[in-house]
There are 2 protein chains.
Amino acid sequence: MRFRQNGQGGEKMISSIAELISDRIGTMPAGERRAAQTLIANYPLIGLKTVAEFSQSAGVSSPTILRFVARLGFQNYPEFQSALQDELAAQLQSPASRTLNPSSPGGTVSPMLEATLDNMRETFRHLSDKQLADIAARLADRRGKTFLIGGRFTDPLARYMAAHLAIVQPNVFHLAGQESVWRDRLIDMGKHDVLVIFDIRRYQDSLVRFAETAHQRGVQIVLFTDQWLSPIARFARHVIAGRTAVPSAWDSSAALFVVAETLIGAVTRQLEAEGAKRIRELESLR
Amino acid sequence: MRFRQNGQGGEKMISSIAELISDRIGTMPAGERRAAQTLIANYPLIGLKTVAEFSQSAGVSSPTILRFVARLGFQNYPEFQSALQDELAAQLQSPASRTLNPSSPGGTVSPMLEATLDNMRETFRHLSDKQLADIAARLADRRGKTFLIGGRFTDPLARYMAAHLAIVQPNVFHLAGQESVWRDRLIDMGKHDVLVIFDIRRYQDSLVRFAETAHQRGVQIVLFTDQWLSPIARFARHVIAGRTAVPSAWDSSAALFVVAETLIGAVTRQLEAEGAKRIRELESLR
DNA sequence: GGAGCGCTGTATCGTATGTTACGTATTTTG
DNA sequence: CAAAATACGTAACATACGATACAGCGCTCC
């Protein structure tokens, strides 16, 4: 319809301007690429504003914007805007079509995304509000210390959670480095402390041993694992089992990541009073 | 906000222009009523076109359209259009995925989860297969080295990605530790290398500077950022803009996390041949 | 290291757009 | 039914917007 380009196409089906852009963004000079990126990032509303506003948002000059739309095959800026409006109109008419990128079939994107979204829904289905509230309360309890550790691939999750928790409360420690190093930290742990462990298969022996001794010392363990449950579940006070299956060579930790973010949010809310003061203090330190 | 009218009303809650119109359509003269009806019928796109087009669609003259928007309380036509655009923006930001959601009944599912799922859908909607394939191809290109780095909260994502990529191919480096340490690594970077940066607001100056000098050295930058685009986007070859808004004190990096996992999967698939051999070797090393 | 090309921004121009004034038509009211 | 008031459209106006010419700059390729 509109996007018949120079070559007698037929090779590729371009059905939206967004696709057209990502198709050509590789062949664009730097300035026009910035225009393309800002348009995609705030698609499509920036394209409906004036050239001046668009150019300012993108940090380039007006002519660059015009060259950009010219490269997309439009005769002039108004024609480009009309195309965007038509697209919007079609989208608003049939709300069902707004679900996903129309590149679904056969693409590499959507099976992965679909599986991940399913994983999250499943994970949260088996997770009660009460359970999350309990864990959040435990993590917000300031009488004890909080330690976090993860396995080979999940340690970044422990880091991520630690980075946030350490801001809203004191005594949060991420256990990193060599095994011998964090094993020695066991001596600091007691029955008022919490140990958050991330462990998905293949479960690491070192982590299991670590959890066991911690448990013997009375430490409360919160375990993030997969649906097959790490052996650490045996010692854990709270177990969060996330779905990990995706069409990829690797397991996905995304569901656990979202649970972690949810907990971070809950703990923060719980510590709001002291947390706010603490955050202000930290700001002033910077 | 915008619709405070003449009287200081607290009488009626007007939250959209469409409501405002149907509220006043009774008091309008015939011509303006026709304008109102045609706008409602094709809401809101006709209002984004020019006065001439609007007037022609409604079968009235231009001044009638202007008197119509004036009666709604707007100073001039552009102001009216801006209001419509803002409304559209808000609508597009949070897609009404509430329509079909099998996970709601009874238990109050965390609004956090809902927002996160929306964020992912939105993020991937602006992301084409082609774009991901391009980035994956670049990351799988074994002629150069791959460096990864992140900001205060996003560095764990860089770690996560690095942990996986380093298994399927050599020459993958996560830049950690003190700024001076990784800044010195710039000397190893050239035009065949790729630098993956995670940077969401508030954007870190140190990262921006780092990206700039890397860019000057010809390094290809892949940027993971939020929808407001880190200033690094200026130097980036590829930009991935993830949605981050959630009902929490913190921004969410979950959408970026999923994109990262998707890329990891794509790269792995691309390197399948050599990757499989490599993985077997690693297995035997353990 | 030099010549050529391509990209980008500044400044200028023409025009399409929103705006306003005014005259005519239509309805309302005494 | 007359007279006034309101509503509407035509036409002229001014502004701001998109378009273009040109010069400076960096980059690539001999």
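The sequence lines fix the lettering, A, B, ..., with proteins before strands; numbering per chain opens at 1.
With sequence neighbours left out, the ring pair (Phe, Tyr, Trp, His ring centres under 6.0 Å) criterion links B:Trp250 to A:His164, B:Phe153. Checked against side chain to side chain donor-acceptor pair (under 3.5 Å), A:Glu32 has the following partners two or more places apart in sequence or in another chain: A:Arg71. A search for side chain to side chain donor-acceptor pair (under 3.5 Å) contacts involving A:Thr50 returns A:Glu53, not counting sequence neighbours. Under the side chain to side chain contact (heavy atoms under 4.5 Å, CB included) criterion, B:Leu84 pairs with B:Ile17, B:Tyr43, B:Pro44, B:Leu48, B:Phe80, not counting sequence neighbours. The salt bridge (Lys or Arg N to Asp or Glu O under 4.0 Å) check on B:Arg183 picks up B:Glu179, with sequence neighbours excluded. Remark: A:Arg159 pairs with A:Asp155 by the salt bridge (Lys or Arg N to Asp or Glu O under 4.0 Å) rule, at least two apart or across chains. For B:Pro247, the side chain to side chain contact (heavy atoms under 4.5 Å, CB included) partners at least two apart in sequence or on another chain are B:Pro111, B:Ala115. For B:Ser252, the side chain to side chain contact (heavy atoms under 4.5 Å, CB included) partners are A:Glu261, B:Val246, B:Ala254, not counting sequence neighbours.
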key: Base versus backbone protein contacts along nucleotides 25-30 of chain D [heavy-atom cut-off under 4.0 Å; B, S, -]   = ------
Nucleotides 6-24 of chain D: protein proximity per nucleotide (B base, S sugar-phosphate only, - neither; heavy atom, under 4.0 Å) = -SBBB------SSBB----
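Atom CZ in A:Phe68 sits about 15 Å away from atom P in C:dC7, given to the nearest Å. If you take CD1 of A:Ile65 and P of C:dT10, they are 14 Å apart, rounded to a whole angstrom. In this structure, CZ of B:Phe80 is placed 12 Å from P of C:dT19, rounded to the nearest angstrom.
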All N/O pairs under 3.5 Å across the protein-nucleotides 24-26 of chain C interface:
none

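For the side-chain contact (heavy atoms from CB on, under 4.5 Å) with B:Leu195, the lone residue among B:Ile149, B:Leu186, B:Leu148 that qualifies is B:Ile149.
Applying the side chain to side chain donor-acceptor pair (under 3.5 Å) test to every pair with at least one member in residues 214-225 of chain B, sequence neighbours left out, gives these pairs: B:Gln220-B:Arg237.
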